[in-house]
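See below for the structure under consideration.
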Amino acid sequence: MSIARRVLGTALDIVTKIISIDKETVVMQADIFIDGKHVASGHAEENRKASRINTTSALENCETSAVGRALAFCAFISDGIAS
């Protein structure tokens, strides 16, 4: 994230949205826009029972994962696609 922001500044816009959320799972999408043009999307799913952290922070973890995957599709992460 810091590299993308440092390189692109305000040209970078990341839009996240909840695709679905219930008492067990969260699914999110992150869209990357550069200069107003859509360049990538990333999706993630988190299960609230998967870890102790997810019992209270599944939404936050899901959003972070979706953003990481979207940035990976833009080649800001060089070690493959975030999972």
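One-based numbering along the sequence shown.
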Sequence neighbours left out, cut at 3.5 Å: what donor-acceptor pairs do the side chains of residues 1-15 make with other protein atoms?
unit_1, atom_1, unit_2, atom_2, d
R5, NH1, G9, O, 3.0
R5, NH1, L12, O, 2.9

Tabulate below the donor-acceptor pairs under 3.5 Å that side-chain atoms of residues 54-64 make, not counting sequence neighbours, or state none.
unit_1, atom_1, unit_2, atom_2, d
N54, OD1, N61, ND2, 2.6
N54, ND2, E46, OE1, 2.7
N54, ND2, N47, O, 3.0
T55, OG1, R52, O, 2.5
T56, OG1, I53, O, 3.4
E63, OE2, T16, OG1, 2.6
T64, OG1, E60, O, 3.0

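- For Q29, the side chain to side chain donor-acceptor pair (under 3.5 Å) partners are D31, H43, not counting sequence neighbours.
- When every heavy atom of A70 is checked against every heavy atom of A40, the shortest pair comes out as O-CB, 3.7 Å.
- Residue pairs satisfying the ring pair (Phe, Tyr, Trp, His ring centres under 6.0 Å) criterion with at least one member in residues 6-26, sequence neighbours excluded, are absent.
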- Take R48 and V26 through the side chain to side chain contact (heavy atoms under 4.5 Å, CB included) test and state the conclusion after the steps. CA-CA 8 Å; R48 294 185 189 278; V26 179; 3.6 Å; yes

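- The stretch residues 46-67 participates, sequence neighbours left out, in no ring pair (Phe, Tyr, Trp, His ring centres under 6.0 Å) pair at all.
- Other residues sharing the hydrophobic cluster of V27, ordered by chain and number and joined by side-chain separations under 4.5 Å: I19.
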